[in-house]
Structure formats: C-alpha cells, structure tokens
Number of protein chains: 2
Amino acid sequence: MITLLLVEDDQDLGKILKQYLEMQGFRVLLAGTGEKGWTLFLEEHPALCILDIMLPGMDGLSLGKKIKQKNADQPLLFLTARTSKEDILKGLKTGADDYICKPFEPEELVLRIRNILRRTGRLEPEALHIGKFLFIPDRLELSGYGNTYRLTLKESQLLKYLLAHRDQLLRREDILVELWGENDYFLGRSLDVFISRIRKYLKPGKDIQLETIRGVGYVLRTTIDDPRPNGRSSGRG
Amino acid sequence: MITLLLVEDDQDLGKILKQYLEMQGFRVLLAGTGEKGWTLFLEEHPALCILDIMLPGMDGLSLGKKIKQKNADQPLLFLTARTSKEDILKGLKTGADDYICKPFEPEELVLRIRNILRRTGRLEPEALHIGKFLFIPDRLELSGYGNTYRLTLKESQLLKYLLAHRDQLLRREDILVELWGENDYFLGRSLDVFISRIRKYLKPGKDIQLETIRGVGYVLRTTIDDPRPNGRSSGRG
DNA sequence: TCATTGGGTTAATGAAATGTTAATGTCCGG
DNA sequence: CCGGACATTAACATTTCATTAACCCAATGA
C-alpha cells in the first residue's frame, strides 16, 4: 500500500483529508507540525509528502527544503492559500513538485497525487483495453493500430465513462450530468461533438461499436472483450 | 431485490427512511452504529451503503473508508448536515459516490439512490417475459428464438404497456392517452402501425396472441404466463 | 349479396435528433 | 498582447423514425 505523509496544522481539515485519502486506498500519516512531519518522514519514507505551507514552528517550505536535502528525489506537494505571494507560487511551479491552492476539491487533490506518483514511477498507470486499443486515462493516451493519440481531457473523461459502462445503455442526460454537471441543449450538442471525435479515434477498430440509441443515448459495444456466440440482428427489416 | 445498507443513529429518521425506501421496492438493512453497519456490510454485500457522517463511535467517514478498503468499487452515499465544512464535504462526490445534505426530501434521496445504482450498473434492468421472449425495456431489447431486436423508444413503450396489462382488454383510447397524451384519428392510425410492428416481432411466439377486439381495442394473451423452465434462479449476481 | 366500417400493412414523407466540420470564445503561459 | 490548446457554439449535412397516406382485407349487417 502507498504511504502518504500529510503535514497540516488544521486538525479538522487534516482529519477529513486523512479519511478521504484513506478511502481512496492510501495509507496516510498525519502530522500537525513540521517537526512531527520530519520525524515521520525519516521513519516511514512516504511515497509522497503533502505539506501545508503555513505551519506554526517549522513552515512547510522549510520542511520541504530539509526533506529535499535528505532525499533529492522525494516528491512533494504543497498546500497553499490562494493569497500567497506570487513569487512563492512561481517558485513552487518551476520546481519539480506540484502545489494546490486552498480551498480545493479533495477530488482534485487525489488527481494530483496520483499524477505525481505516476510521474515518479510509484504508481502503475491504469490501462484499459478497448478491442485492440490500449487506453491510459491518466496519460490521456489512446494507442492501437500503429498510432498513438493524445486525447484532450474531456475526450478522455468521456471515453473512460463509456468504457466503465460498456454494454450498458447510457442516457445522454446521465453522461451530461456526470461529465458536465448539468444538462441543457448546448451541452447536448457538445456531447455530440465529442462522441463524433471518439468515433473517429476508434474507427480502425471494426470490433468496436459506439451505437446511437435515438432519443435515449449511446452504447459502447466491443466484440473482442465480450465475445458473445452470435445472434444480434438489427431491429428493422 | 436490491439491498441497501442504511447507517443512521437517529432512530426515528432511520425507521422512517427504511419504511420509505422499502415502499420504493428496496430491501433495507438499518444499522444504528458504525460497528453494526460494518457487520451488516460484510454479511450482506449491499448494492449501496447510505452512511450518516455524524455517528457515535465509528463515524460515517471512517466506516466509508473501511468499506472502500474492503471493496474499492462499493458505492457510497453520505448523509451530512449543512455545516461549516460544507465545501470540503462537497468533495465527497467522486466517481460512484454522492452525498446529500440534511434535511432532505425522501424523494430526492430516492432519486440519488437510483442514479448511483444506475451509474454503477447495480440496478438490475427490469426483465419481462412474454412467452419465450425476454424483453428489457431499459435497453429497448427484445430477444427470443435466436434473435435480439432493438426496438425504438415508442415500440418499447407500447410493448411495455401491453405487457403491464396482459390479459386485460385495453381500449384504443386508453393506449393513445397513455402513450401519446391524446386521442385523435391520425394517432389512431399511428397506433395501428405500431401494433403491426409488434406483431411482427412476436410472430415466432405461437403462444402469444395480440388480439384485436374490433371497435374497442386489444388484448395481449400468452399461454405460458410465468416461464420457469428450470426453477427461478436469478442469473445475475 | 353488397355496402360500410374498422383495422392491417407497406411505403412515402417530413420533423427532429444526431453527425460533422468550422468558427468562436476562453484560458493560460510567455 | 500574442499564440496555442481546447471547449463550446454555430452552421450545415445526414439519419432516424413517428406520422401520414394509400391501398388492402375482414368483419358486420341489411
């Protein structure tokens, strides 16, 4: 199991984050001060340190510097208030590490954590098969038939969602709510555009059908992954 | 039948919710503490866990975390009070999960429950038997005698309506009002067309008659009403 | 028997849904 | 301020499918 070190002096925030991250399958060490964080770092060698910048005593940046001196490759992720000085933010950006401004969505935090872990080779990227394609959502990469496409974020999200529900009839409304958060006419057209693009990518895969169910939504079917003996005839003669 | 686990320490609220959800056709396990909830989760593998965050002893988040560790795909729905940490709790919405703030309308809760179950594919699609055919309205699929037909939305709605009233004499007018919202001469002809199509689909089923009652309407009769070829073992998990 | 009426069936039609490509807007880093 | 990347919106093309029309037969009743 992957161990994270979280150094955060706000008790409530710290506990909630800890629980949330644990729910996502990480092991989380929580420290309330920079000093405690340093000790835990030495003892446990966490895969990633998440450091709040504003800390009583040793602040997050100092702790980060100390950690880097001990282990230059140690991945760090800083939590910072939005009001921080621009130069600090710049400094954080240019370094090899990531940072995230409070207040943030835990979802986003988890995304960044996974990204860092993957970049630094501590987490295997999720790889999904679609017929003869290989899709790595975290890298926004779809490869197969001699090509590798770099998908955009939305393309990737849509493909992932379709794939997570293969052979299910997905109502347009559900897709819209899941990916866009709401459902109106123009978003609907947007969905059409993305469906179109995904079809273009998947075109070489003759065993993959992204079918339209008029008035309802879409179904993604793959023959290779779900080999059914036979007997699917079209409805209309 | 779909099983839900509800962990809620408020006895009254718990009972009311349980009854309401049972009225909606769910099987509901009610636990008053996190510990009891954990036991029930292990024993019953519910399709969805509904967890109050504020619980004596093991709180909802901790329980959720424990459940996720056991089964990362387990859908969760949190009940939460509208507190200062609202912005953080907002982040609990991730993937299969959702949250709802107290106080809430039971209808809204049911809506969210159904959404999650549908998204995660745990809501068994309604499957209806017609002679030797199997009809799944949610998928617009009618299969039997070696074929699977993809029905259109209207075809599907009509078939569903007929089936819901098998062996009853359905007046043309009633069908029209139910499916089209009104009743005029041309809609009547439209109905004729759809009846014709449905008869075509059902043709191989000699034990199925969609009879015309001239001047009144139709009756759908099936000789084999409740097909139990090898006992009723639910093919799904 | 024929006349009449309700319904059956098939094909043509047109509106709405969707597909597709291009233009526009927006954000972000330099 | 500019340029690139990308989502969104617009504009136009295409497809699907309910409706409508047309023509048929079957039942009813005088």
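Side-chain atoms are counted along with the backbone in the values below, which use heavy atoms only and exclude waters and symmetry mates. Here is the naming used below: chain letters follow the sequence lines, and residue numbers restart at 1 for every chain.
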Do the side-chain N or O atoms of B/Arg199 get closer than 4.0 angstrom to the phosphate oxygens (OP1, OP2) of C/dG8?
yes
Heavy atoms of other groups near A/Lys154 NZ, more than 12 under 6.0 Å:
yes
D/dT16 P sits how many Å from B/Leu140 CG, rounded?
15 Å
Side-chain H-bond candidate by donor/acceptor type, B/Asn115 with B/Arg112, under 3.5 Å
no
Are more than 12 heavy atoms from other residues, nucleotides or ligands located less than 6.0 Å from atom CD of B/Glu107?
yes
Figure out the CG/P separation between B/Leu187 and D/dT20, and round it to whole Å.
7 Å
If you check every side-chain atom of B/Arg214, which of D/dT8, D/dC17, D/dT28 has the closest atom?
D/dT28
Rounded to whole Å, how long is the line connecting atom CD of A/Glu211 with atom P of D/dT16?
11 Å
Figure out the CD1/P separation between A/Ile198 and D/dA7, and round it to whole Å.
11 Å
Which of these, A/Leu117, A/Thr3, A/Leu5, sits in a side chain to side chain contact (heavy atoms under 4.5 Å, CB included) with A/Leu48?
A/Leu117
Indicate whether the side chain of B/Arg172 and that of B/Tyr218 have a donor and an acceptor atom separated by less than 3.5 Å.
yes
Using atom OH of B/Tyr149 as one end and atom C1' of D/dC17 as the other, report the distance to the nearest whole Å.
19 Å
Under the ring pair (Phe, Tyr, Trp, His ring centres under 6.0 Å) test against B/Phe133, which residue among B/Tyr201, B/Tyr145, B/Tyr149 passes?
B/Tyr145
Could you work out which one of C/dT18, D/dT28, D/dT8 sits closest to the side chain of A/Tyr218?
C/dT18
Worked check of salt bridge (Lys or Arg N to Asp or Glu O under 4.0 Å) between B/Arg118 and A/Asp174
CA-CA 9 Å; B/Arg118 187 150 22 79; A/Asp174 288 341; 2.6 Å; yes
Rounded interatomic separation in angstrom, taking CG from A/Leu158 and P from D/dT8
12 Å
Can you check whether A/Thr152 has a side-chain N or O nearer than 4.0 Å to OP1 or OP2 of D/dA5?
no
Mark yes or no for whether B/Lys68, through its side chain, and B/Gln74, through its backbone, hold a donor-acceptor pair below 3.5 Å.
yes
Enumerate the residues from residues 176-184 of chain B whose closest heavy atom to DNA chain D is under 4.0 Å, giving them by residue number; use none for an empty result.
B/Trp180
From CD of B/Glu173 over to P of C/dG6, roughly how many Å is that when rounded to an integer?
15 Å
Intermediate values then yes/no, salt bridge (Lys or Arg N to Asp or Glu O under 4.0 Å), B/Arg221 and B/Glu211
CA-CA 8 Å; B/Arg221 295 183 201 281; B/Glu211 291 177 20; 3.2 Å; yes
Does C/dT21 have its OP1 or OP2 closer than 4.0 Å to a side-chain nitrogen or oxygen of A/Lys200?
yes
Looking at B/Arg199, I'd like to know if its CZ atom is crowded, meaning that more than 12 non-hydrogen atoms belonging to other residues, nucleotides or ligands lie closer than 6.0 Å.
yes
For C/dG8, does either OP1 or OP2 sit under 4.0 Å from a side-chain N or O belonging to B/Thr212?
yes
Below 4.0 angstrom, which residues in residues 188-195 of chain B have at least one non-hydrogen atom near DNA chain C?
B/Arg189, B/Asp192, B/Val193
side-chain N/O B/Arg197 vs D/dA18 OP1/OP2, d < 4.0 Å:
yes
Figure out the CG/P separation between A/Leu151 and D/dC6, and round it to whole Å.
10 Å
